[in-house]
Each structure stands twice: as structure tokens, then as C-alpha cells.
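Worksheet: one structure, shown below.
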Amino acid sequence: MPELPEVETVKRGLEPVLTGAKITRVDVRRAGLRFPFPEGFAQALSGARVKGLSRRAKYILGDLDTGFSLIVHLGMTGRFTTLTPQGLQNLGEFYFETGSNESADGPHDHVVFHLEGGTRLVYSDPRRFGMMDLVETARLDQHKLLRDLGVEPLGNALSADYLAAKFKGKAAPLKASLLDQRIIAGLGNIYVCEVLHRSKLSPKRMAGSVKTDKLEELVRHIRDILNEAILAGGSTLQDFQHTDGGQGSYQQRFAVYDREGEPCTCGGTIKRIVQSGRSSFYCPKCQK
DNA sequence: ATCATGACCTGTTAGC
DNA sequence: TGCTAACAGGTCATGA
């Protein structure tokens with residue numbers, strides 16, 4: 001699920017549960033996810049209090065009162081569920097059927113955070129592409145996973161001039177360049193497709209060939225689409241049962257993503273191509 | 001250096 | 001209905 005809007009939604013859902021909360025114990029059900037958990041991971045978290053949460057790109061960061069920070073990436077299928085003593089609670093975008101998963105011992109429930117007061121926070125991740133690590137907060141910026149990240153797409157550092165400098169002389173297609181986390185950190189496959197469509201730019205277009213005034217437009221659409229998606233609670237591409245309330249709904253507004261063969265608003269037909277191993281959806285008629 | 005591809009895993013879906 | 005192949009929001013390590 002998780003591109004920037006989905007990660008932001010999850011972070012916002014976690015905030016009321018975790019801010020100020022004390023972690024009493026952490027159960028780790030396997031050696032790691034994408035990478036092994038660091039040495040002493042569970043012990044280092046036990047007894048820590050969460051001072052606050054933040055997001056960098058698609059990473060959720062937990063600032064702990066021990067001087068360490070928890071880094072979490074949801075990969076493709078990572079999810080958090082809270083189990084309160086009163087029952088299940090939704091976390092922003094994700095809703096779960098009450099009664100399912102209450103034991104937190106499903107085959108994909110890999111990490112359980114026990115909080116003071118009895119609430120449990122369960123991390124599940126079928127594909128295990130997610131990541132968790134602990135790092136001294138003072139050295140957070142130098143962490144391997146974070147140090148090479150580019151600008152936040154919703155921050156002030158993203159501008160047409162910034163992109164012009166990064167794209168100068170670049171032969172790689174726009175699609176791949178916008179997915180490059182070293183340039184802009186947080187965009188993923190869906191939102192890049194959507195942004196390119198609204199900008200009327202072909203995903204195949206060489207990044208270096210886009211003029212600055214067009215880059216202005218591109219930047220505006222990046223911000224607009226991400227903000228719209230965050231407002232919608234992200235996009236939910238799988239059918240969760242019992243969606244009683246607001247699960248992510250931005251998928252209903254996709255102009256091109258996963259719409260191969262359907263008509264574009266311009267009258268053209270949406271096409272799917274593969275670029276760097278991933279699907280690009282676009283309209284050859286209006287995206288040049 | 002830049003760029004594209006395969007690898008990592010499991011689950012769901014389309015097609016025969 | 002059942003099997004198989006293709007595909008999926010992620011990033012990283014590789015080899016050209």
C-alpha cells in the first residue's frame with residue numbers, strides 16, 4: 001500500500017496510540033524482515049517511552065526517550081493493528097474485521113509492541129519487505145537508509161529549479177527519475193503515474209528534456225496529488241472487509257493507474273507499459 | 001557514474 | 001473447479 005500518503009496516514013493513526021506511551025515489552029517472532037533486526041532490538045525497546053512520531057519519505061520514525069529512534073518501513077505489505085483491551089481499533093487507512101487477528105499470532109504477525117495499559121501494537125507483513133532498525137537519534141540523518149534520500153515532496157526544498165538541476169543531462173525516463181528516492185523521497189509507482197498524467201508528460205520522456213516552466217507545473221501537481229491523497233486517507237487497493245468508516249479512498253480517483261484500456265478524459269485510451277520492471281499507466285494521446 | 005534488471009517473499013487474480 | 005503464470009504499493013545489489 002504504502003507510498004507517502006499511505007505512510008503519512010498510518011503515522012497519523014499511530015500517533016494517538018504511541019505518543020507518550022511506554023513500551024513494556026516487544027515480541028519478535030522471527031529474525032528479521034527484509035534485514036535482520038539489530039542485536040538486542042526487543043530489549044532496547046522495552047521500557048522506552050515514545051516521545052513522538054515523524055515521517056521521512058516512506059519511513060516512520062519513533063523518537064524514544066532512550067536517545068534512540070525506531071525506524072520502520074512498511075515495504076509493500078506492512079501493516080499496523082492496535083489491539084486495545086476494549087477491542088480492535090482502526091489505524092487510519094486500515095480497518096480490520098473485529099474478531100479476526102485478535103490473538104496477534106497470525107503467520108504474518110512478526111512484531112508485537114506491548115504498551116503500558118495493555119494495548120498491543122501488531123506489525124504484520126506477508127511479504128516481509130518491510131524494515132525496522134534502531135539508531136541513535138543524534139545520528140539519525142547519517143543512517144544508511146536515510147542519508148541518501150532526496151527532498152520531501154511536500155517540503156519547501158522541492159522546486160522547479162531543484163528538479164532542473166537534478167534532471168540536467170539525465171537520459172533516464174521521467175518515470176524512473178521521479179521514482180528515484182535520492183531525488184524526491186516518497187513518491188511511488190501509483191502517484192508518479194498520476195502526477196505525470198495530470199502534468200501531461202509522458203513517462204517515457206527523458207528527464208533532462210523537460211523545460212523549467214513545465215517542471216513548475218510538475219511540482220505543483222506532485223504537491224496537489226499527494227495532498228489530495230492524504231486527505232482521502234491514502235489509497236486502498238485490496239478489499240478489506242467491514243470498511244465501516246473511512247478507509248483510504250483515493251484509488252477511486254485514479255485517472256490512469258490500473259486503468260489499462262479505459263478511456264482517458266481527453267478521449268484517448270489508457271495504455272500500460274513496463275519501465276524498469278514496473279507498470280506505467282498513461283495516455284499516449286495527452287501525455288507528451 | 002548511470003541505467004536496467006533481478007532478487008527478495010507471499011498472496012491474489014486472470015486465463016487456460 | 002483447478003492449475004499456472006503473471007502481477008502487486010517497496011528497496012537493494014548486481015552488472016552492463
Side-chain angles (χ1 to χ4, degrees), chain A residues 1-11 29-36 55-60 71-80 92-94 100-101 106-110 123-133 143-150 153 166-195 203-209 225-226 229-230 232-241 247-254 256-261 272-281:
Chain A
M1 268 117 281
E3 295 184 32
L4 187 149
E6 290 74 33
V7 177
E8 178 66 24
T9 301
V10 171
K11 191 214 88 177
R29 304 276 170 73
R30 52 185 312 122
L33 299 167
R34 178 166 183 146
F35 303 114
R55 179 191 56 73
R56 172 77 172 107
K58 299 169 193 166
Y59 293 91
I60 296 171
I71 304 177
V72 178
H73 194 294
L74 304 172
M76 297 271 261
T77 53
R79 281 173 207 155
F80 278 107
E93 159 189 32
F94 304 113
S100 72
N101 205 24
H108 306 305
D109 295 339
H110 307 308
Y123 177 81
S124 359
D125 187 353
R127 289 177 76 177
R128 306 203 299 275
F129 285 173
M131 317 171 201
M132 286 192 197
D133 203 358
H143 191 277
K144 186 179 186 300
L145 295 170
L146 305 179
R147 68 180 174 215
D148 296 321
L149 292 173
K166 289 291 183 184
F167 286 176
K168 192 179 162 95
K170 226 176 167 11
L174 259 183
K175 174 72 184 316
S177 306
L178 291 174
L179 280 175
D180 187 342
Q181 303 295 299
R182 294 167 305 180
I183 299 176
I184 302 178
L187 294 180
N189 204 38
I190 292 175
Y191 295 108
V192 167
C193 289
E194 294 297 311
V195 163
K204 296 194 281 192
R205 177 89 171 260
M206 260 201 302
S209 76
I225 286 181
L226 292 180
I230 290 171
S235 303
T236 305
L237 293 194
Q238 289 183 359
D239 296 326
F240 289 93
Q241 300 173 12
Q247 91 175 15
S249 65
Y250 194 75
Q251 70 279 4
Q252 291 163 16
R253 311 233 294 263
F254 290 162
V256 287
Y257 184 81
D258 205 19
R259 301 182 64 117
E260 181 183 16
R272 172 184 176 270
I273 58 172
V274 174
Q275 291 179 289
S276 37
R278 322 200 52 194
S279 291
S280 293
F281 298 90

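Each chain gets a letter, A, B and so on, in the order its sequence line appears, and its residues count up from 1.
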Shortest side-chain distance from A:Asn189, nucleotide among C:dT11, B:dG11, C:dG9: C:dG9
Nearest-neighbour nucleotide for the A:Lys144 side chain, B:dT10, C:dT11, C:dA13 considered: C:dA13
Taking 4.0 Å as the cut-off, does a side-chain nitrogen or oxygen of [X] come that near to OP1 or OP2 on [N]?
X: A:Tyr59; N: C:dG10; result: no
X: A:Lys58; N: C:dT11; result: yes
X: A:His73; N: C:dT11; result: yes
X: A:Arg272; N: C:dC7; result: yes

CZ (A:Arg182) with more than 12 external heavy atoms under 6.0 Å: no
Measure [atom1]/[X] against [atom2]/[N] and give the value in whole Å, please.
X: A:Lys166; N: B:dA1; atom1: NZ; atom2: P; result: 13 Å
X: A:Asp258; N: B:dT12; atom1: CG; atom2: P; result: 17 Å
X: A:His110; N: B:dT10; atom1: NE2; atom2: P; result: 9 Å
X: A:Leu33; N: B:dT10; atom1: CG; atom2: P; result: 12 Å
X: A:Met76; N: B:dT12; atom1: CE; atom2: C1'; result: 13 Å
X: A:Ile71; N: C:dT11; atom1: CD1; atom2: P; result: 14 Å
X: A:Arg147; N: C:dT11; atom1: CZ; atom2: P; result: 16 Å
X: A:Phe281; N: C:dC7; atom1: CZ; atom2: P; result: 10 Å

Roughly how far apart, to the nearest Å, are [N] and [M] at atom [atom1]?
N: C:dA6; M: B:dA7; atom1: P; value: 14 Å
N: B:dG11; M: C:dC12; atom1: P; value: 24 Å
N: B:dC3; M: C:dG9; atom1: C1'; value: 23 Å

Sugar-phosphate only, base, or nothing, as touched by A:Tyr250 at under 4.0 Å among non-hydrogen atoms: nothing
For the student: nearest non-hydrogen atoms of [X] and [Y], plus distance:
X: A:Lys170; Y: A:Ile183; answer: CE-CD1, 3.7 Å
X: A:Leu4; Y: A:Arg55; answer: CD1-NH1, 3.2 Å
X: A:Phe281; Y: A:Arg259; answer: CD2-N, 4.0 Å

Distance, nearest 0.5 Å, that separates [atom1] of [X] from [atom2] of [Y]:
X: A:Tyr59; Y: A:His143; atom1: OH; atom2: NE2; answer: 8.5 Å
X: A:Leu33; Y: A:His73; atom1: CG; atom2: NE2; answer: 12.0 Å
X: A:Leu179; Y: A:Cys193; atom1: CG; atom2: SG; answer: 8.0 Å

Short side-chain donor-acceptor distance under 3.5 Å, A:Ser279 and A:Arg272: yes
Each nucleotide N or O in nucleotides 6-9 of chain B that has a protein N or O under 3.5 Å away: list the pair and distance.
unit_1, atom_1, unit_2, atom_2, d
B:dC9, O3', A:Arg128, NH2, 3.4
B:dC9, O2, A:Arg127, NE, 2.8
B:dC9, N3, A:Arg127, NH2, 3.3

Aromatic ring pairing A:Tyr191/A:Tyr250, orientation class (parallel under 30°, perpendicular over 60°, tilted between): tilted
First encountered from the 5' end of DNA chain C, between A:Gly277 and A:Leu145: A:Gly277
5'-most by nearest nucleotide on DNA chain C - A:Val274 or A:Met131: A:Val274
For DNA chain B, the residues among residues 167-182 of chain A that have a non-hydrogen atom under 4.0 Å from it: A:Lys170, A:Ala171, A:Ala172, A:Pro173
Side chain to side chain, A:Ile273 and A:Lys175, heavy atoms closer than 4.5 Å: no
Any A:Leu149 side-chain heavy atom under 4.5 Å of A:Leu146 side chain: yes
Nucleotide paired to B:dA14 in any strand shown, Watson-Crick or G-U, under 3.5 Å: C:dT4
Assigned partner base of C:dG9, Watson-Crick or wobble definition, under 3.5 Å: none
